[in-house]
Amino acid sequence: MSKFKEFTEKHAEIWKFIKFTFAGTSSSIVQYAVDVLFHYVVFAGLKGQTVDNAVFRFLGIDSQMDAAYAYFVAATVGYAVAFIMNRKVTFQANNGLTAGIVIYIIMVVATIFITAWMKGVFFGFAVEKGYDNAFVDFLIDLAVIIIPFVWTYPLQRFVIHKKSVPADEATEEAKTEVVSE
């Protein structure tokens with residue numbers, strides 16, 4: 001048995017977290033590419049127009065239409081890519097797809113609102129304290145990407161992308177445990 005396969009079997013949970021992180025990073029790259037494409041090409045004609053709606057005001061977001069619309073399209077694509085990668089590769093889920101999608105959408109919408117709010121608060125604090133520069137912006141963006149791991153990994157691992165054991169396999173496992181004792 002190869003060292004790599006031995007490691008992944010011995011440390012299955014660590015390996016799942018590594019794959020989850022890889023899926024998140026990959027989907028973030030896709031999301032960024034879609035965001036740039038939509039911001040600078042598809043919605044370029046909206047540049048200079050601001051979004052003024054109750055949701056954005058509630059979150060404290062004063063955003064340009066081109067950037068806001070591009071973000072929502074890109075986030076949708078990025079989260080869809082992450083869902084598929086995590087379902088198929090990371091957790092190899094075989095539970096109900098419909099329920100998983102519904103719970104995932106709820107988690108994603110909540111995450112978008114929470115991170116948009118956090119980003120607004122963090123940027124507002126940075127500007128107020130005179131730390132309005134590219135490095136601080138990068139740190140804030142990094143924090144807003146990393147903080148959601150606190151709830152997204154456990155939700156996806158234990159709720160959204162569960163790997164169900166078929167009844168006949170569960171029975172075989174139980175028989176094996178009884179025989180081995």
Side-chain angles (χ1 to χ4, degrees), residues 12-47 49-124 137-164:
E13 286 304 315
I14 293 171
W15 181 234
K16 284 177 187 163
F17 187 78
I18 291 168
K19 289 190 292 185
F20 180 81
T21 303
F22 176 76
T25 303
S26 300
S27 65
S28 292
I29 292 168
V30 170
Q31 180 175 337
Y32 181 74
V34 171
D35 186 57
V36 168
L37 173 69
F38 275 73
H39 187 149
Y40 294 103
V41 178
V42 177
F43 296 130
L46 298 175
K47 193 152 192 79
Q49 298 178 36
T50 58
V51 176
D52 184 26
N53 66 46
V55 174
F56 275 45
R57 279 193 305 274
F58 172 76
L59 294 171
I61 299 171
D62 178 23
S63 187
Q64 300 293 313
M65 282 180 111
D66 56 326
Y69 291 161
Y71 169 76
F72 284 114
V73 170
T76 300
V77 170
Y79 278 111
V81 167
F83 178 87
I84 293 165
M85 288 179 71
N86 283 320
R87 183 163 183 85
K88 297 293 182 187
V89 178
T90 304
F91 302 116
Q92 300 163 348
N94 60 1
N95 64 328
L97 179 61
T98 304
I101 290 172
V102 169
I103 297 167
Y104 187 77
I105 289 170
I106 293 167
M107 180 198 73
V108 165
V109 169
T111 300
I112 288 170
F113 279 104
I114 292 167
T115 56
W117 173 80
M118 283 189 325
K119 193 169 183 174
V121 169
F122 293 166
F123 274 119
D137 289 354
F138 170 75
L139 291 178
I140 290 169
D141 284 339
L142 191 60
V144 168
I145 290 169
I146 293 172
I147 290 170
F149 266 77
V150 171
W151 63 85
T152 59
Y153 181 80
L155 268 173
Q156 290 190 66
R157 168 70 176 95
F158 299 110
V159 178
I160 296 168
H161 301 300
K162 289 191 303 191
K163 187 169 185 174
S164 303

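Quick note: residue numbers are just sequence positions, from 1.
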Peer 1: Within the supplied structure, the quantity of interest is the number of heavy atoms (other residues, nucleotides, ligands) at a distance under 6.0 Å from Phe138 CZ; does it exceed 12?
Peer 2: no
Peer 1: Could you report the tightest heavy-atom contact between Val144 and Met118, atom names first, then the distance?
Peer 2: CA-CE, 4.2 Å
Peer 1: Dump the intermediate steps for side-chain contact (heavy atoms from CB on, under 4.5 Å) on Lys163 and Phe91, then the final yes or no.
Peer 2: CA-CA 7 Å; Lys163 187 169 185 174; Phe91 302 116; over 6 Å; no
Peer 1: Which heavy atom in Asp35 sits nearest to a heavy atom in Ala70, and how many Å separate them?
Peer 2: OD1-C, 3.4 Å
Peer 1: Please find the pair of heavy atoms, one from Asn95 and one from Ile160, that lie closest to each other, and give the distance.
Peer 2: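 Answer, listing the atom of Asn95 first, then Ile160: ND2-O, 3.1 Å.
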Peer 1: Begin from the C-alpha positions of His161 and Phe83 and carry the test ring-ring contact (aromatic ring centres under 6.0 Å, His included) through to its verdict.
Peer 2: CA-CA 9 Å; His161 301 300; Phe83 178 87; 4.9 Å; yes
Peer 1: Do Arg87 and Asn94 have side-chain atoms, one donor and one acceptor, less than 3.5 Å apart?
Peer 2: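 Result is no, nothing qualifies.
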Peer 1: Report yes if the side chains of Leu139 and Phe122 come closer than 4.5 Å at any heavy-atom pair, otherwise no.
Peer 2: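 Leu139 vs Phe122: side chains apart.
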Peer 1: Test side-chain contact (heavy atoms from CB on, under 4.5 Å) on Tyr69 and Val42; report intermediate values, then the result.
Peer 2: CA-CA 10 Å; Tyr69 291 161; Val42 177; over 6 Å; no
Peer 1: Quick check: Phe20 with Phe149 (ring centres under 6.0 Å apart)?
Peer 2: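 Yes, close enough.
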Peer 1: Please name the pair of heavy atoms, one in Gly78 and one in Gln31, separated by the smallest distance, quoted to 0.1 Å.
Peer 2: CA-CB, 4.0 Å
Peer 1: Quick check: closest heavy atoms across Ala23 and Met85, and the distance to 0.1 Å?
Peer 2: CA-CE, 3.7 Å
Peer 1: Indicate the atoms forming the closest heavy-atom contact of Lys16 with Tyr153, along with that distance.
Peer 2: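 Smallest heavy-atom distance, with atoms named: CB-OH, 3.7 Å.
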Peer 1: Quick check: are there more than 12 heavy atoms from other residues, nucleotides or ligands sitting under 6.0 Å from NZ of Lys19?
Peer 2: yes
Peer 1: Taking side chain as C-beta onward, heavy atoms only, is Thr90 less than 4.5 Å from Phe17?
Peer 2: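 Thr90 vs Phe17: side chains apart.
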